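See below for the structure under consideration.
Here is how names work: the chains are called A, B, and so on, in the same order as the sequence lines, proteins then strands, and each is numbered from 1. All values derive from a computational prediction rather than experimental measurement.
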Amino acid sequence: MRDGAESQISADLLEWYDREARVMPWRVGPAERAAGERPDPYRVWLSEVMLQQTTVAAVRDYFRRFTERWPDVAALAAAEDADVMAEWAGLGYYARARNLLKCARAVANDHGGRFPETADALRALPGVGPYTAAAIAAIAFDEPAVVVDGNVERVVSRLFAIEAPLPGAKPELTRLAGTITPQARPGDHAQAMMDLGATICTPRNPLCGLCPLRRDCRGYAAGLQTVLPRKAPKPEKPTRRGFAYVAVGPAGGVLLERRPDKGLLGGTLGFPGSDWAEAPEPAPPFRAEWQPGGQVRHTFTHCHLELQVMVTRAARPGMVARDAFRPGDLPTLMRKVWDAAQSAL
DNA sequence: AAGCCGTGGGG
DNA sequence: TCCCCAAGGCT
């Protein structure tokens, strides 16, 4: 790499971003930002939490619905837990939704309704880790924080041709990311790194011919752009099985239960079921003539799941009324269970 | 500190 | 079909 290349890299990146920045509902574009417009910290925070391990395409509609229903942090802080969980249903990683509410209430109650303005202070909020704190500080408050997400790890590992595998190489990648983080326009720099990683410096088949940083990319020079970053191999996913029980009363009521906050699908609504294991025992929630419905296959982060859906027509106390039940309020697995039950109902 | 925690799209 | 993986955080 050429001498003084770090400042050249950030300048080239920002020049590219000024031309190519993607338009997003939570983003203040480079031209508006230069004209003095500032992003709403609430919207920056909400989008960053939704975007944790989640694609932009998946987030868009959720972000729109959340901000229409809860336009500011005070409104969200006053929301019911069940309403937020229902609105989050389908987006995954449900601890984020629980922490989202905790965080909104902390901001409302302990910070006078305003988000803290430094990465260190933001880091203390529930659901806000090193990445999210740095991103909010840079984008909303112009702090030259070093923002390191999966995109930045990939871009930097290629730019500097770092062959050590992740996650061990993360501290070194963070240090190197710091060397190309400018004092001016830190928010645009962070968003430019995301855009570059998402559209040019992609995981497979990076479009190096279009890359504004190609001149200074050691990985490209060494022909390593498609093999970096190296990663530790992933463990195999075991397959678990179980039963799920869908009871529908004569008036259309549905038996649902809320799962405990800890563990898989924590805090979400769903149908009663058995343990999930290699050879699970049936565990109907009450005595009835349970008929087999369809089967459901679903894959989580760390295991495959196959559920045998069982169905009965029976009324029970505590059922959710037909009009109050919306499958869209359930996590995806339970929507699949509901769909698989329909054939037998 | 390594394992746990969803989902949908792309190759 | 199957694997990869996407703007990570928590414990």
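- If you run ring pair (Phe, Tyr, Trp, His ring centres under 6.0 Å) between A:Phe66 and each of A:Trp88, A:Trp26, A:Tyr42, only A:Trp88 comes through.
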Each nucleotide of nucleotides 6-11 of chain B classed B (base within 4.0 Å of a protein heavy atom), S (only sugar-phosphate) or -, in 5' to 3' order, makes BBS---
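- Screening A:Glu48, A:Arg123, A:Gln52 for a side chain to side chain donor-acceptor pair (under 3.5 Å) involving A:Thr132 leaves a single residue, A:Gln52.
- No contact: A:Val147 has no heavy atom under 4.0 Å from any strand.
- Here the CZ atom belonging to A:Arg43 is positioned 14.0 Å from the CD1 atom belonging to A:Ile136, to the nearest 0.5 angstrom.
- Separating the P atom of B:dG8 from that of C:dG9 is a span of 22 Å, rounded to the nearest Å.
- At the phosphate of B:dC5, OP1 or OP2 sits under 4.0 Å from a side-chain N or O atom of A:His302.
- Taking a cutoff of 4.0 Å between a charged side-chain nitrogen and a carboxylate oxygen, A:Glu68 and A:Arg65 do not qualify as a salt bridge.
- Taking atom CZ on A:Arg123 and atom P on C:dG8, their separation rounds to 15 Å, with Å as the unit.
- Between A:Arg98 and A:Asp81 there is no salt bridge, since no side-chain N of the basic residue sits under 4.0 Å from a carboxylate O of the acidic one.
- Applying a 4.0 Å cut-off to non-hydrogen atoms, none of the residues of residues 161-183 of chain A approaches DNA chain C.
- A:Arg241 contributes atom CZ, which lies 12.0 Å from atom CD of A:Gln308 (distance to the nearest 0.5 angstrom).
- Rounded to an integer number of Å, the gap from NZ of A:Lys102 to C1' of C:dT11 is 12 Å.
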Donor-acceptor list for residues 260-281 of chain A side chains, cut-off 3.5 Å, not counting sequence neighbours:
{"residue": "A:Thr268", "atom": "OG1", "partner": "A:Leu265", "partner atom": "O", "Å": "2.6"}
{"residue": "A:Ser274", "atom": "OG", "partner": "A:Phe243", "partner atom": "N", "Å": "2.8"}

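- Salt-bridge annotation for A:Arg64 and A:Asp61: present, with a side-chain N of the basic residue lying under 4.0 Å from a carboxylate O of the acidic one.
- Put simply, A:Lys234 has a side-chain N or O that comes within less than 4.0 Å of OP1 or OP2 on C:dC5.
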